[in-house]
A.B. asks: 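Let me begin by handing over the structure; questions about it come next.
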Amino acid sequence: METFVRETDGWVEQLRQRLTEDYEEHTRRLQELTADTSDPGELHNRSALAAATRQSLAEIHDALRRIRENRYGICTRCEAEIPRERLEVLPHARLCVPCQQRQGG
């Protein structure tokens with residue numbers, strides 16, 4: 001089966017670079033958020049931001065793994081092709097729209 005990734009490998013390479021840069025930026029942000037602060041009032045906000053940043057890192061890491069495995073752009077549930085337009089808006093998307101809707105998101 002010719003996959004979406006092979007058909008648009010130039011676009012996917014650009015996306016891989018963007019995701020890698022995003023991953024590095026999120027890693028730096030997480031390091032800043034988890035650095036010791038002397039303001040106890042800021043702890044709750046930092047914890048929430050750190051949790052959101054960890055989630056973003058996991059999503060980016062998973063998208064980069066799918067690119068390496070030549071599975072990027074393929075729904076992880078039904079194996080349908082995820083439209084490029086969806087991936088441009090949500091580059092870490094792992095589900096096609098119908099599967100995402102069935103999941104409740």
A.B. asks: Y72 and L87: side-chain contact (heavy atoms from CB on, under 4.5 Å), yes or no, with the steps?
C.D. replies: CA-CA 9 Å; Y72 186 77; L87 294 170; 3.6 Å; yes
A.B. asks: Hey, what do you get for SG (C75) to CD (E81), rounding to the nearest 0.5 Å?
C.D. replies: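 So the gap between those two atoms works out to 11.5 Å.
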A.B. asks: Can you spot which of L49, T34, L33 makes a side-chain contact (heavy atoms from CB on, under 4.5 Å) with R54?
C.D. replies: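 Between R54 and the candidates, side-chain contact (heavy atoms from CB on, under 4.5 Å) is satisfied uniquely by T34.
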A.B. asks: Between V97 and R86, is any pair of side-chain heavy atoms under 4.5 Å apart?
C.D. replies: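 Sidechains of R86 and V97: in contact.
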A.B. asks: Just verifying a value: how many Å separate R29 CZ and L57 CG, rounded to the nearest 0.5 Å?
C.D. replies: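 One finds 9.0 Å between CZ of R29 and CG of L57.
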A.B. asks: With a 4.5 Å cut-off on side-chain heavy atoms, are R66 and I74 touching?
C.D. replies: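 Not in contact.
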A.B. asks: Can you tell whether the side chains of R16 and E13 come within less than 4.0 Å, N to carboxylate O?
C.D. replies: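 Salt bridge: yes.
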A.B. asks: About how many Å separate CD1 of I67 and CG of L15, when rounded to the nearest 0.5 Å?
C.D. replies: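 With rounding to 0.5 Å, CG (L15) is 5.0 Å from CD1 (I67).
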A.B. asks: Any side-chain heavy atom of R71 sitting closer than 4.5 Å to one from R94?
C.D. replies: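 With C-beta onward as the side chain, the pair stays apart.
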A.B. asks: For R77, check side chain to side chain donor-acceptor pair (under 3.5 Å) against everything at least two apart and list the hits.
C.D. replies: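 Only Q103 meet the side chain to side chain donor-acceptor pair (under 3.5 Å) criterion with R77.
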A.B. asks: Nearest 0.5 Å, what's the OG-CD distance between S47 and E42?
C.D. replies: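 It comes to 10.5 Å.
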A.B. asks: If you round to the nearest 0.5 Å, how far is CG of L64 from OH of Y23?
C.D. replies: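 It comes to 8.5 Å.
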A.B. asks: When rounded to the nearest 0.5 angstrom, what distance separates OG1 in T53 from CZ in R46?
C.D. replies: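 Output value for this atom pair is 11.0 Å.
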A.B. asks: Evaluate side-chain hydrogen bond (donor to acceptor under 3.5 Å, both in side chains) for E59 paired with Q55, printing each intermediate quantity in order.
C.D. replies: CA-CA 6 Å; E59 291 170 347; Q55 178 64 34; 3.1 Å; yes
A.B. asks: Quick one: list whatever passes side chain to side chain donor-acceptor pair (under 3.5 Å) with H26, sequence neighbours left out.
C.D. replies: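 None.
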A.B. asks: Are E24 and L19 packed together at the side-chain level, in the sense that at least one heavy-atom pair is separated by less than 4.5 angstrom?
C.D. replies: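 Not touching, per the 4.5 Å side-chain cut-off.
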A.B. asks: Between E32 and R28, is there a salt bridge with N-O shorter than 4.0 Å?
C.D. replies: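 Salt bridge between R28 and E32, a charged N being under 4.0 Å from a carboxylate O: no.
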